[in-house]
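Below: one structure, written as structure tokens.
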Amino acid sequence: MTEEKDLRYDPSAIEPKWQQRWAANAALYAAEPAGCGKPKYYVLEMLPYPSGQLHMGHVRNYSIGDALARHMWMRGYNVLHPMGWDAFGLPAENAALKNHTPPREWTLANIAGMKRQFERLGMGFDWATEVTTCLPDYYRWNQWFFLRMYEKGLAYRKKSKVNWCPDCATVLANEQVVNGCCWRHETTLVEQRDLVQWFFRISAYAQELLDGLDKLDGWPEKVRTMQRNWIGRSEGTEVDFNVEGSGDKIRVFTTRVDTIFGATSVQLAPQHSLVAAFTAHDSTLKAQVDELIEQQKKAREAGDLGAIEKHGVPTGKFALNPYNGERVPIWVANYILADYGTGAIMSVPGHDERDFEFAGKYGLAIRRVIAPSEASAEEPTLPFTSEDGVLVNSGEYNGLSCTAAEKKLQEVAVRHGFGQATVTFRLKDWGVSRQRYWGTPIPMIHCQRDGLVPVPDDQLPVLLPEQIEITQQGGSPLGRVPEFVNVTCPKCGGPALRETDTMDTFVDSSWYFYRYTDAKNAMAPFDPEVVKYWFPIDQYIGGVEHAILHLIYSRFWTRVMRDLGLVEIDEPVRRQFSQGMVIKDGAKMSKSKGNVVSPDDMVARYGADATRMYSLFAAPPDRDLDWQEDGVAGVSRFLGRVWRLVTKYAPVARSARGQQAEAPTGVSLKLLRKLHQTIAKVTLDFEGRWHFNTCVAAIMELVNDVQAVDAQLAAREVPAQVVCELMRSLVLLLAPFAPYLAAELWEQLGEESAVLRAPWPTSDPELAKEDELEIPVQVNGKLVTVVRVAPNAASEVIEAAALAEERVRARTAGKTVAKVIVVPGKLVNLVVK
RNA sequence: GCGAAAGUGGCGGAAUUGGCAGACGCACCAGACUUAGGAUCUGGCGGGGAAACCCAUGAGGGUUCGAGUCCCUCCUUUCGCACCA
């Protein structure tokens with residue numbers, strides 16, 4: 001009875017035991033100091049928002065990272081594997097509204113709960129470096145960085161059209177607007193509001209951020225492409241058209257200045273500054289322009305600006321083409337965007353799809369000014385948008401190629417002062433103001449006398465007031481706290497008002513991974529020397545949803561820090577990995593779909609090891625993973641088999657510890673061969689493609705093979721030394737995937753030090769080599785049989801063996817063998833006629 | 001519309017370089033054991049066929065001695081971009 005019970009794999013007994021031991025031994029997962037002399041490995045997973053519950057996506061993310069970290073520990077690296085909390089943000093305020101818990105209390109309680117979940121899962125994090133972004137010892141450095149950026153002109157205030165989410169009751173950055181909706185409220189349309197806001201000048205780094213992508217060869221191409229699209233670099237020319245009969249100029253941006261002789265109108269965005277002047281005394285025009293604005297708004301709200309039906313109105317004014325003085329009408333059109341380029345274009349219907357459509361609709365002139373460079377018999381139909389052509393109908397520029405003409409026309413524009421070559425980016429400055437309470441206070445003061453005054457460094461941090469009532473009233477909650485708002489001006493000592501906006505939480509996550517390396521530093525955000533040792537991050541792992549949010553802000557922030565002299569690198573992350581989503585029944589897990597699987601439930605039923613290992617086994621890490629509970633049960637059964645196998649033979653293994661084995665033969669050789677093949681396979685996957693699903697499968701095969709000869713093992717036909725090597729290596733191979741079971745079995749094998757400190761097994765290529773190969777034999781490409789030959793057998797030998805086969809002779813009888821293809825070690829194919 | 005990834009048994013997936021398609025696991029079927037367990041062990045498990053064999057990796061063509069893998073056309077799904085001048 002008791003014996004029976006002891007044989008049973010019981011994670012609910014093993015796991016808490018080791019969890020306690022690990023909690024009591026913080027050194028196990030702690031990084032050694034920067035000066036320790038060991039090669040470092042920094043493995044980072046994106047820090048979670050402390051919502052209160054880990055979900056399966058987290059389990060998968062952190063199981064991948066933890067497996068890698070454990071592997072690298074066993075490879076002898078000094079591993080930094082930290083964890084923290086992205087702890088500012090709106091949900092804490094919403095929770096405060098709902099159940100009257102202060103955001104800080106709610107957040108810290110959630111953190112405590114999730115930390116317990118992490119520990120229960122057996123994640124090997126270095127909690128000594130824990131970072132909690134909502135605590136003053138962290139966010140004071142957000143403020144410090146803000147001031148440094150303000151000094152450099154990289155943080156500035158301006159009034160502009162900004163994205164407003166009515167549900168968040170705050171402004172959003174462009175990156176946080178998805179299909180015209182809020183990234184957190186996917187069905188809430190974002191409104192455009194004119195507000196004075198703080199911005200970070202990320203656009204100053206647009207070119208650098210773009211160029212840097214080429215060097216990030218450890219990043220998924222998908223993420224790099226998304227960032228390239230987002231940055232949206234476009235080379236072109238700006239040209240001034242004078243407005244006839246006034247001193248006004250309209251500056252247009254075009255990528256095809258070579259087509260400028262085909263410009264038959266100038267089109268303004270409805271919000272263009274000149275439009276206001278044109279409509280000032282023309283209420284009919286004003287109404288028409290308002291209609292265009294309304295159409296744009298509707299299209300934007302529908303999330304499909306591309307589908308807007310083109311409309312426009314003539315202003316009755318005319319502009320003059322600076323190259324030939326041609327008089328062209330000025331229109332206002334709804335397909336011109338105010339916030340791209342100059343908000344005005346020259347319309348060239350002959351060589352632009354959109355202009356062609358518009359001109360056709362309103363009867364504007366369409367003129368050919370580019371002819372295809374190859375003098376084909378018939379001219380292609382307009383619009384002809386290729387740049388492979390020569391200029392026609394373009395005065396003195398006729399005959400020039402498009403590229404040559406562009407250069408020439410730019411030179412002329414510069415010489416006459418009406419334009420120049422220019423580069424436009426889609427990337428706009430990062431709006432960081434938030435009209436919310438639970439965020440980093442922006443360390444600025446508004447003084448009636450001195451204007452904007454930065455909070456002096458020695459007055460940091462600007463603390464968030466803790467006694468605050470969260471209400472649904474509009475406006476910044478901090479504005480309703482007089483003790484916070486009313487200050488004396490640091491410059492003149494007179495009464496002044498504190499800035500009441502807080503920072504976007506993406507500020508917190510833009511540099512948190514630097515803080516991990518020196519989390520307790522009270523004098524600076526970090527010690528540059530320490531960062532120098534640990535950076536760049538060797539491997540970053542997280543969801544693809546941050547491809548153009550967090551991951552672009554982080555790259556920007558690192559460059560700002562570089563220019564502040566704090567770091568010497570341009571890029572914080574050497575290798576980036578985006579894991580797939582966890583789905584169930586074909587859909588992303590969500591409360592509304594009712595298909596959420598709780599990690600706690602899984603751990604309670606099957607244990608942390610089985611839950612984690614399933615999340616690695618069910619699919620390659622970069623693909624979506626379909627959660628099937630039966631699969632978890634299957635992994636749990638496998639761990640049970642490992643448990644029974646190792647506990648059964650642990651006494652034999654212990655008896656042979658440290659003994660040298662004799663040259664293996666028979667079953668021993670077969671088992672060791674399989675073992676060393678498995679070691680090679682698993683090791684290779686850690687180094688390369690990370691297909692942990694096939695690693696686990698390979699370990700399962702090994703266990704199957706060992707179990708198949710259980711009778712011989714039980715009969716002691718396999719030397720104890722071989723049993724010892726098998727059992728030890730099996731446990732080591734499992735250690736990154738099933739840390740609890742590995743720790744327990746390692747102990748049962750008589751080991752006293754942690755399995756995490758044991759060296760990763762190495763594969764002996766001699767042992768791994770097969771002594772005989774099965775070579776498939778095909779006749780005309782169809783499999784007929786296999787022949788067994790030595791691995792290094794010469795082609796002639798293999799061919800002879802193949803031809804000697806009964807089944808082969810049956811297939812070739814009465815026919816001629818036209819050709820024999822022998823691929824040594826692979827196959828034989830006989831071509832017969 | 002443009003770009004990328006993917007499409008393989010009842011299911012998740014494997015096949016890393018053009019070389020035995022379906023490893024491993026789930027589900028299912030049969031059996032063993034039994035103090036009946038969400039236990040364990042053994043065997044089977046793409047389709048057709050009594051068998052020899054034949055057919056099969058979204059569809060159709062092609063290259064090749066040989067194609068899940070390479071090329072072309074098309075279909076479906078997912079993701080990203082989409083009046084960006």
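Just so we're on the same page: letters track the sequence lines, and every chain starts at 1. Values in this document were obtained by computation on a predicted structure and should not be read as measured data.
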Checking side-chain polar atoms at under 3.5 Å, does [X] have a donor or acceptor matched by the opposite partner on [Y]?
X         : Y         : result
Glu175(A) : Trp230(A) : yes
Glu770(A) : Gln677(A) : yes
Gln192(A) : Asn163(A) : yes
Ser578(A) : Gln576(A) : yes
Asn229(A) : Arg426(A) : no

Could you state the [atom1]-[atom2] distance from [X] to [N], rounded to the nearest angstrom?
X         : N       : atom1 : atom2 : answer
Asp601(A) : rG38(B) : CG    : C1'   : 15 Å
Asn229(A) : rG1(B)  : CG    : P     : 18 Å
Gln677(A) : rC24(B) : CD    : C1'   : 16 Å
Arg426(A) : rC83(B) : CZ    : P     : 9 Å
Met613(A) : rC24(B) : CE    : C1'   : 11 Å
Arg228(A) : rG80(B) : CZ    : P     : 18 Å
Leu783(A) : rA52(B) : CG    : P     : 14 Å
Arg8(A)   : rU34(B) : CZ    : C1'   : 14 Å

Open item on the list: So, taking the atom named CZ in Phe253(A) and the one named OG1 in Thr255(A), what distance separates them when rounded to the nearest 0.5 Å?
Closed with: 6.5 Å
Task: Atom C1', compared across rG44(B) and rU76(B): separation rounded to whole Å - done: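 That atom pair is separated by 35 Å.
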Task: P spacing across the pair rC72(B) / rG80(B), given as an integer number of angstrom - done: 26 Å
Where do N or O atoms of nucleotides 8-15 of chain B meet protein N or O atoms at under 3.5 Å, pair by pair?
unit_1  : atom_1 : unit_2    : atom_2 : d
rC11(B) : O2'    : Gln628(A) : NE2    : 2.8
rG12(B) : O2'    : Ala618(A) : O      : 2.7
rG13(B) : O3'    : Asn693(A) : ND2    : 3.3
rA14(B) : OP1    : Asn693(A) : ND2    : 3.0
rA15(B) : OP1    : Arg689(A) : NH1    : 2.9
rA15(B) : OP1    : Arg689(A) : NH2    : 2.7

Task: Position toward the 5' end of RNA chain B (nearest nucleotide), Leu827(A) or Gly781(A) - done: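 Per heavy-atom nearest nucleotide, the more 5' residue is Leu827(A).
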Task: Contact nearer the 5' end of RNA chain B, comparing Arg807(A) with Glu774(A) - done: Glu774(A)
What's [X] touching, base or sugar-phosphate or nothing? Going by heavy atoms closer than 4.0 Å.
X         : result
Asn704(A) : sugar-phosphate
Tyr606(A) : base
Arg811(A) : sugar-phosphate
Gln778(A) : base
Gly634(A) : sugar-phosphate
Val823(A) : base

TODO: State which residues pass side chain to side chain donor-acceptor pair (under 3.5 Å) with Tyr335(A); sequence neighbours excluded, sorted by chain then number.
DONE: Asp355(A)
TODO: Under the side chain to side chain donor-acceptor pair (under 3.5 Å) rule, collect the residues that match up with Ser763(A), sequence neighbours excluded.
DONE: none
- [ ] Answer syn or anti for rG12(B), where the cut-off is 90° from 0 on the glycosidic torsion.
- [x] anti
